[in-house]
Structure formats: C-alpha cells, structure tokens
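Data first, discussion second: the structure below is written as structure tokens.
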Amino acid sequence: MKPNPVLRCLPLLADILGRAYGVSVEIGGKDAFTNGRTIRLPSLPAQADATFLGLVRGYIDHESAHIRHTDFAAITQAAPTPLEKHIWNIFEDWRVERELSRHFPGCRRNFHWLIRHLFLSPAETLPSPSDAVLSWLLLRVRSWEIADLDPRCQALAEVIEKSWPGLVDEMEVVLTAMRGHCPDSMTCLEYARQMVALLKNRQGLETLLSASAFPGDLGDILRQEVSAKAEQVGRLSVATIGDKPLSPLSPEERAAIARVTAGLRARFLGLLQASRRVRSRPSRRGRLNSRNLHGIAVDDPVVFLSQERKPALNTALHVLLDASASMRERITLACQCCAALAQALQQGGISVGLTAFPGSEPNTVVPILDHGKRHPENLLVQARGQTPLGEALWWVLQRLVPLRHDRKIVLIVTDGAPDNLINTREAIRTANLLGIEMFGLGIDAPAILGLLPGRSVTIQALEQLPAALFTLLGQAILHHGRAA
C-alpha cells in the first residue's frame, strides 16, 4: 500500500494531530515549548527521518495529554516543593498519557516507541544512590508498559538497597496504590507527597530533599531532542493567524467592480451551469439512439438515450492574496476582484476561502473568508509587510486537507518573490503529492512562473487583473487543472 503523504509531512501531520486532540499546534522558530494552551514546534526539516517523525509525534501526544488532562491551576495553588513537583511530574506524565490513550488508542503505540527510544539504551555507569532513587521511580513507572525496562530497574534497585535497605519495597507500596487509583492531577500530587515523606524518614538523602533542580522529565527530554534536531536542519515553518485592519468596500468601489466584472461573472456562471447540463446515457427507454440501432438485430434492448444531470462540482478553492507592502497601489483592485470571484464561485456551488498575507506581524495570515461561511462585508485589507508565501501556503494546506471535497485548488495572487523559497517549494511539492491543484497569478512579477510553470500567468497592467483571475479559475475548475 502506498504510504499516505500526509503522514510523512510534519507540518500537516502536526496540524491533524492538534485538531484531533483539540489543541493548537504552531510551527516556527528554534525551540519547542507549550504555554498550556498551544504547542509550539520549531521550524521543521523538509524530509524527516522516521526517528525525528516519532519524536515530533510523541512530543505532540505528550503535551496534548497535559493540555487536556492536567489541572495546572490546582497544582500551582497547592504550591508543591521542588522535589514534590518533580516526582509529581513523573506520575502525572504516566497518568495523562494513559488518559489520552484511552480516547486515542493509536497514541499508546506512539508512547511505547517513545519510551523505548528514550530510556531503553543501557546507561554507561550507574548513578549515585540518591540519583538512583529518582531514576528508579521514572523507569519503574514506565516499566508498567515496557517490560524491557525491568533489568535497568533492578540494577537501580540494587544500588538503592545497599544504602537504604527496604526503601524500594516502601516506594513500591505507594506506586501500587497510585497505579490502582489515580483519577486526577491532585491525586498524583498526593502520592508524590507520600513518596517524599518516605524519603524524609531516611538518613543520607538531605541533598536530594533540599535540591531545587532535578534531571529533566519526559517533556524536557523531548523538547531538547526536537529543538536540537530541528535547529540543525529545520527550515519549514507555518504562518499563524494574525490581524490587519479590514474595511468594507465603499459603494463606489462596489459599483466599479460590478462594472468591470459583470460580463466576466456572467460568463463564468454560464460555464459553471454548462458543466452541470444534462447528458445522455444508454438506456432501455427514452429517445432512440440511431448509433445503436444495430442492437435490435442481436436483441440488445439498450438502443435508447435517457437524460441525466451531471453531479455538482464538489470543489473547494482557496484564494491566497499577497497583501505585502509592494501591493499598496494594487490592493484595492485585487480585493475587489477576489470579492467578485468569491461571490461568483459561491453562487456556482463551489466552497471558497480567501486569506491575505501577511498580517501585522511577520509570518502571519489574515483569514477573510472561511470555507462554508457567508461572504463577509469587510474585504479590503491593508498592504504592508513582507512576502511569507511559503508560511501562508502551509497554513492554507492545513485548512484544505481536512475538507471533504473531491477537488481542492489554491490560487495565489502575488506581486513578488517569496521570503523563503525553500519553504515555498516544499509546500507546493506537498500539495502536488496530495492532489491539491496550484495556480498562480503574478502581478508584474515573473517569480510565480518559476514556482508554478504551466499553471500561472503574469500581468503588467491593473486592468488585466479581473480577466486573468477569471481565466485561471476557468482553467482550474472546468479543465481539471490543465493549463490552457
């Protein structure tokens, strides 16, 4: 079976996982982190190996589990000591991953791979007795799912027993209780406090009990590995939603665009209607088909033609409008034409989205019209900023992939070259693998011809813009993506 390209494309896979878990995933920058609401991944490699793919999936799964199931506010209010919080983290990681796996069984396989990858390689030397206590707790909890960790747990237990006989058995009692009943974050903290109370009863652990910093937990280890690998080869980033002032078209602007595009709109709607006209098919009844009269001689009753309607165009089209600073003199007409196109396409039964880029901040987009929504009043966007075309394309692909349409099309309207050429080319390559058709219109800018050869045109004068837009969309919708 041919592998699904979405599963090998980190920007799209990250978005799909985030949507499934009900969390927001952003991509860009040098570091991986989460703020309790959004998971941030660094810029990602265009071609990820299986190990890095597993790390990213594991990181998203792990942090999503915390966002969905950890009560951070309650833990903050409880004010645990550093050691209590560290042990709580060990317990809570296990608990929330188990909860997420109950809702999404595929996560369990991801977590199992992750634990084996991070903890199964044998340590070169055994830690000190006090460090062995925390290492044993971490690996013992994880060994409940991965039995291959048992030998390492046993080796650590022997180190602990030499200094504090019976301590491992006492800790096992607390762990057994937690494994049997641990419904929420605060219960995890209670077990962590029970564990610290056991340690306080032992001599020689003062340094551990008074420490303020500890080895990284699972989340810390994942963040470090993802950030380190992405920093070496990372180059793919995805735009986030930003803002820019949007204003309605004035009555004069609406009248002007109506005059310019009235004939073209009527022509386009006529083509859409023509694509749905009735067609004839062989039948046992209906109008006699003169070409099949020979069938009478061989007792073939299918010598008639009946009429049937073609199915509606189950198509989603997204217009990506360059609103960078260089578009300042062109933006009004561009917005007018995009507005007219959106209206015509929606009237023809096509799902339309319209997004401008950038927003007020770098590497952001401004959604103007979402698929499935009514045409908005505010369509005029300000033109300023650079040209993060690649970042904006990834953002649009993330919105198109989940749509249940037979055909998906992106139309880029731009007057410049992208800021990140590698990012842009990789987004286009991925779109082609997914069967998403890409078209481009360059406004006095030939760069788009190199990005989309045979699927783009350029214009030099503003008065050419409306006709060029309608021509490109006519190619896309009526000719199934083949350039005219």
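Nothing here was measured: the structure is a model prediction, and the numbers come from that model. Just the heavy atoms: all of them, side chains too, but no hydrogens, waters or symmetry mates, feed the values below.
In plain terms, the two heavy atoms of I75 and M186 that are nearest each other are CD1-SD, 3.8 Å. When all heavy atoms are compared, the tightest approach of V381 to A356 is CG1-CB, 4.1 Å. What you find for V238 and P11 is that their closest heavy atoms are CG2-CB, 3.9 Å. The minimum heavy-atom distance between L397 and A431, with the atom names listed, is CD2-CB, 3.9 Å. Considering all non-hydrogen atoms of both residues, Y21 and R68 come closest at O-NH1, 2.8 Å. Contact record, H318 with H371: ND1-NE2, 3.0 Å, taken as the closest heavy-atom pair.
When atom types are taken as modelled, the side chain of Q398 and the backbone of A14 share no donor-acceptor pair closer than 3.5 angstrom. Without hydrogens or angle criteria, Y59 side chain to G54 main chain gives no donor-acceptor distance under 3.5 Å. Formation of a donor-acceptor pair under 3.5 Å by the S227 side chain with backbone atoms of Q224 is not found in this model.
A salt bridge does not link D31 to R223: none of the charged side-chain nitrogens sits closer than 4.0 Å to a carboxylate oxygen. Using a cut-off of 4.0 Å between Lys/Arg side-chain N and Asp/Glu carboxylate O, R19 and D15 are scored as salt-bridged. Comment: R142 engages E97 in a salt bridge, judged by a side-chain N to carboxylate O separation of less than 4.0 angstrom. Using a cut-off of 4.0 Å between Lys/Arg side-chain N and Asp/Glu carboxylate O, E99 and R102 are scored as salt-bridged. Using a 4.0 Å cut-off between a side-chain N of Lys or Arg and a carboxylate O of Asp or Glu, R202 and E170 qualify as a salt bridge. Here E437 pairs with R407 in a salt bridge; the nearest charged N to carboxylate O distance falls below 4.0 Å.
For the residue pair H66 / D93, a side-chain donor-acceptor distance below 3.5 Å is found, with atom types taken as modelled. Using modelled atom types and a 3.5 Å distance limit, the side chains of S324 and D322 yield a donor-acceptor pair. Judged purely by distance below 3.5 Å, without hydrogens or angles, the side chains of D131 and S128 pair a donor atom with an acceptor atom. A donor-acceptor pair shorter than 3.5 Å can be found between the side chains of R140 and S143. Under 3.5 Å, the side chains of D71 and S185 contain no donor-acceptor pair of N or O atoms.
Side-chain contact between V413 and V319: present, with at least one pair of heavy atoms (C-beta onward) separated by less than 4.5 Å. Between P362 and E391, every side-chain heavy-atom pair lies at or beyond the 4.5 Å cut-off. Using a 4.5 Å heavy-atom threshold, the side chains of P245 and Q382 count as touching. Counting heavy atoms from C-beta outward, L246 and L380 have side chains that stay 4.5 Å or more apart. In this structure the side chain of L44 reaches within 4.5 angstrom of the side chain of F52, judged on heavy atoms. L218 has its side chain within reach of L118: a pair of non-hydrogen atoms, C-beta onward, lies under 4.5 Å apart. Using a 4.5 Å cut-off on side-chain heavy atoms (C-beta onward), L472 and L411 make contact. Residues M171 and W136 meet the side-chain proximity criterion, which asks for heavy atoms closer than 4.5 Å.
Annotation: E206, atom CD; neighbour count of heavy atoms from other residues, nucleotides and ligands within 6.0 Å is above 12. A 6.0 Å sphere centred on CG of L421 holds more than 12 heavy atoms belonging to other residues, nucleotides or ligands. Atom CD of E26 is surrounded by more than 12 heavy atoms from other residues, nucleotides or ligands within 6.0 Å.
In this structure, H117 has its ring center no closer than 6.0 Å to that of H112.
In this pair, W144 and W94 present their aromatic rings perpendicular. The plane angle is above 60°, beyond the 30 to 60° band.
Here OG1 of T81 is found 11.0 Å from NZ of K85. Values are rounded to the nearest 0.5 Å.
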